[in-house]
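Remember, it's a predicted structure, so these values are computed and weren't measured experimentally.
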Amino acid sequence: MESENKTSVPEFILLGLSKEAELQPLLFGMFLSMFLVTFTGNLLIILAIIRDSHLHTPMYFFLSNLSLTDICFTSTTVPKMLLNIQMQNKMITYEGCITQMYFFMLFGDLDNFLLTVMAYDRFVAICHPLHYTVIMNHKVCGLLLLLSWVLSLLDSLVHGLMVLRLSFCTELEIPHFFCELNQVIQLACSDPFLNYLVMYIAALLLGVMPLTGILFSYTKIVFTILRISSAGGKYKAFSTCGSHLSVVSLFYGTFFGVYLSPAASQNSRASAIASVMYTVVTPMLNPFIYSLRNKDIKQALRQIFS
């Protein structure tokens with residue numbers, strides 16, 4: 001098939017989750033509702049933390065940044081999907097696709113790093129409580145947040161630049177509801193070997209290593225909690241990290257479920273449907289997990305509505 005220069009690619013076609021016309025109003029209503037719940041829930045978490053001085057601690061500092069990231073993460077994909085359904089137009093420009101892909105990876109990476117940093121925060125709080133305020137001071141928290149942003153920016157920038165070097169064929173249909181990196185690379189006519197190589201190296205360094213850090217932190221936390229003699233002490237220690245552990249399990253569980261599932265890997269449409277879990281459902285559920293399992297957040301939210 002004759003290839004076109006990448007600068008001449010006018011637009012891609014996002015096939016979405018379903019081709020059935022009668023399902024489009026249902027999809028529109030469902031995703032609009034989930035987006036509004038995600039935006040409102042995470043915004044309330046941010047406002048509660050800002051307003052309550054008792055929540056100005058490292059744990060809630062990172063939680064507020066996680067909530068902001070979740071809002072941005074969902075906003076990179078869902079509004080465009082809703083617009084396409086409403087306008088009955090599945091097109092996205094080449095520039096728009098690259099931009100969406102860049103910001104999706106940026107905020108996805110940032111979610112990943114923030115969850116890792118929050119696991120480290122809980123590790124220090126439970127395993128080294130006497131040194132917590134010294135280790136997790138304002139400067140360290142700022143540096144950890146800055147490092148998360150820098151790594152996320154670099155990773156998404158590298159992938160974005162690598163895609164710009166590709167030439168694309170005339171068949172530009174993406175069986176997804178957003179411009180996902182792997183799906184875009186598969187449409188290239190030029191050799192994508194370097195793109196896949198960079199993608200696998202980045203997944204190993206920026207995916208497996210943070211997850212390993214989280215598992216190490218919680219292994220240490222579990223052993224520390226088991227050494228606590230009183231049942232009340234064990235419950236109090238575990239309650240400080242229970243919400244974070246739930247969010248970590250949900251985020252990584254749905255993510256790996258999408259990319260390691262045989263059905264999803266063999267069927268692009270099944271992969272698109274499954275990816276809704278970590279792109280939309282997980283950011284929507286995070287505020288509920290933290291508000292339902294955390295007394296401090298509950299109290300701060302009551303103050304907002306009182």
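- Remark: the backbone N or O of Asp52 is not paired with any side-chain donor or acceptor of Gln303 at under 3.5 angstrom.
- The side-chain heavy atoms of Leu206 and Phe113, taken from C-beta on, include a pair separated by under 4.5 Å.
- When hydrophobic clusters are built by joining Ile, Leu, Val, Met, Phe, Trp and Tyr residues whose side-chain heavy atoms come closer than 4.5 Å, directly or via intermediates, Phe305 is grouped together with Phe288.
- In this structure, His138 has its ring center no closer than 6.0 Å to that of Phe61.
- No more than 12 heavy atoms of other residues, nucleotides or ligands shown are found within 6.0 angstrom of CD on Gln88.
- Leu151 and Leu157 fall into different hydrophobic clusters, where Ile, Leu, Val, Met, Phe, Trp and Tyr residues are linked whenever their side-chain heavy atoms come under 4.5 Å apart, directly or through other members.
- With no hydrogens or angles considered, no side-chain donor-acceptor pair links Asn294 and Lys298 at under 3.5 Å.
- The number of heavy atoms from other shown groups lying within 6.0 Å of OH (Tyr235) does not exceed 12.
- Here the side chain of Thr40 pairs no donor or acceptor atom with the backbone of Val37 at under 3.5 angstrom.
- Using cut-offs of 30° and 60° for the angle between ring planes, the Phe107 and Trp149 rings count as perpendicular.
- Here the shortest heavy-atom pairing between Met136 and Asp121 reads CE-OD1, 3.7 Å.
- Here OG of Ser148 is found 10.0 Å from CG of Leu115. Values are rounded to the nearest 0.5 Å.
- Taking the side chain as every heavy atom from C-beta outward, Val158 and Met162 approach each other to under 4.5 Å.
- Taking the side-chain hydrogen bond (donor to acceptor under 3.5 Å, both in side chains) definition, one finds that Asn286 meets it with Asp70, sequence neighbours left out.
- Between Phe103 and Cys72, every side-chain heavy-atom pair lies at or beyond the 4.5 Å cut-off.
- Closest non-hydrogen pair, Ile228 versus Lys234, comes out as O-CE, 2.7 Å.
- Cluster membership check: Leu166 does not share its hydrophobic cluster with Ile201, using side-chain heavy-atom separations under 4.5 Å among Ile, Leu, Val, Met, Phe, Trp and Tyr.
- Partners of Met105 by side chain to side chain contact (heavy atoms under 4.5 Å, CB included), not counting sequence neighbours, listed by chain and number: Met101, Ser156, His159, Leu181.
- The two residues Ala188 and Cys169 make their nearest non-hydrogen contact at C-SG, 4.2 Å.
- Atom CE of Met209 sits in a sparse spot, with 12 or fewer heavy atoms from other residues, nucleotides or ligands closer than 6.0 Å.
- Heavy atoms only, all atoms of each residue included: Ser75 and Phe35 are closest at OG-CE1, 3.5 Å.
- For Ser190 (side chain) and Ser167 (main-chain N/O), a donor-acceptor pair under 3.5 Å exists by modelled atom type.
- Two rings, from His244 and Phe62, have their centers 6.0 Å or more apart.
- Between the Ser152 side chain and the Leu110 main chain, a donor and an acceptor come within less than 3.5 Å of each other.
- Phe31 is connected to Ile71 through a chain of hydrophobic side-chain contacts under 4.5 Å among Ile, Leu, Val, Met, Phe, Trp and Tyr, so both are in one cluster.
- Under the side chain to side chain contact (heavy atoms under 4.5 Å, CB included) criterion, Thr38 pairs with Asn42, Thr74, Pro283, Met284, sequence neighbours left out.
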Cys179/Ile98 under side chain to side chain contact (heavy atoms under 4.5 Å, CB included): CA gap, chis, key distance, verdict:
CA-CA 7 Å; Cys179 290; Ile98 299 300; over 6 Å; no
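- Ring centers of Tyr278 and Phe251: at least 6.0 Å apart, outside the cut-off.
- Residue pairs meeting the disulfide bond (SG atoms under 2.5 Å apart) criterion with at least one member in residues 206-246: none, sequence neighbours excluded.
- To the nearest 0.5 angstrom, Thr279 atom OG1 is 9.0 Å from Met81 atom CE.
- Looking only at distances, no side-chain donor or acceptor of Asn65 sits under 3.5 Å from a matching main-chain atom of Leu114.
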Report the C-alpha separation of Val247 and Tyr290 in whole Å, then their side-chain angles, then the decisive distance to 0.1 Å, and conclude whether the side chain to side chain contact (heavy atoms under 4.5 Å, CB included) test is met.
CA-CA 9 Å; Val247 171; Tyr290 277 103; 3.4 Å; yes
Test Leu245 against Phe238 for side chain to side chain contact (heavy atoms under 4.5 Å, CB included), laying out the working first.
CA-CA 10 Å; Leu245 186 58; Phe238 182 76; 4.2 Å; yes
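- Of all non-hydrogen atoms in Ile185 and Pro192, the two that sit nearest each other are CG2-CB, 3.5 Å.
- Using a 4.5 Å heavy-atom threshold, the side chains of Ile49 and Ile297 count as touching.
- Contact check for Tyr102 versus Val163: no side-chain heavy atoms found under the 4.5 Å cut-off.
- With sequence neighbours excluded, no residue satisfies side-chain hydrogen bond (donor to acceptor under 3.5 Å, both in side chains) with Asn137.
- Leu43 and Val280 fall within the same hydrophobic cluster, where Ile, Leu, Val, Met, Phe, Trp and Tyr residues are linked whenever their side-chain heavy atoms come under 4.5 Å apart, directly or through other members.
- Without hydrogens or angle criteria, His56 side chain to Ile50 main chain gives a donor-acceptor distance under 3.5 Å.
- Tyr120 and Phe123 have tilted rings, their planes meeting at an angle from 30° to 60° on a 0 to 90° scale.
- The local environment of CZ in Phe39 is sparse, with at most 12 non-hydrogen atoms from other residues, nucleotides or ligands closer than 6.0 Å.
- Put simply, CG on Asp296 and NE2 on His54 are 9.0 Å apart, with the number rounded to the nearest 0.5 Å.
- By the 30° and 60° cut-offs, the orientation of the rings of Tyr94 relative to Phe168 is perpendicular.
- Atom CZ of Phe28 is surrounded by more than 12 heavy atoms from other residues, nucleotides or ligands within 6.0 Å.
- Between the Glu180 side chain and the Asn182 main chain, a donor and an acceptor come within less than 3.5 Å of each other.
- Between Cys97 and Ile174 the shortest heavy-atom distance is SG-CD1, 4.1 Å.
- Not counting sequence neighbours, Lys90 has no partner by the side-chain hydrogen bond (donor to acceptor under 3.5 Å, both in side chains) test.
- Inter-residue side-chain proximity for Leu63 and Tyr60 is flagged as met; some heavy-atom pair is nearer than 4.5 Å.
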What's the verdict on side chain to side chain contact (heavy atoms under 4.5 Å, CB included) for Glu11 and Ile92, showing C-alpha distance, side-chain angles and the deciding distance?
CA-CA 5 Å; Glu11 51 196 13; Ile92 183 171; over 6 Å; no
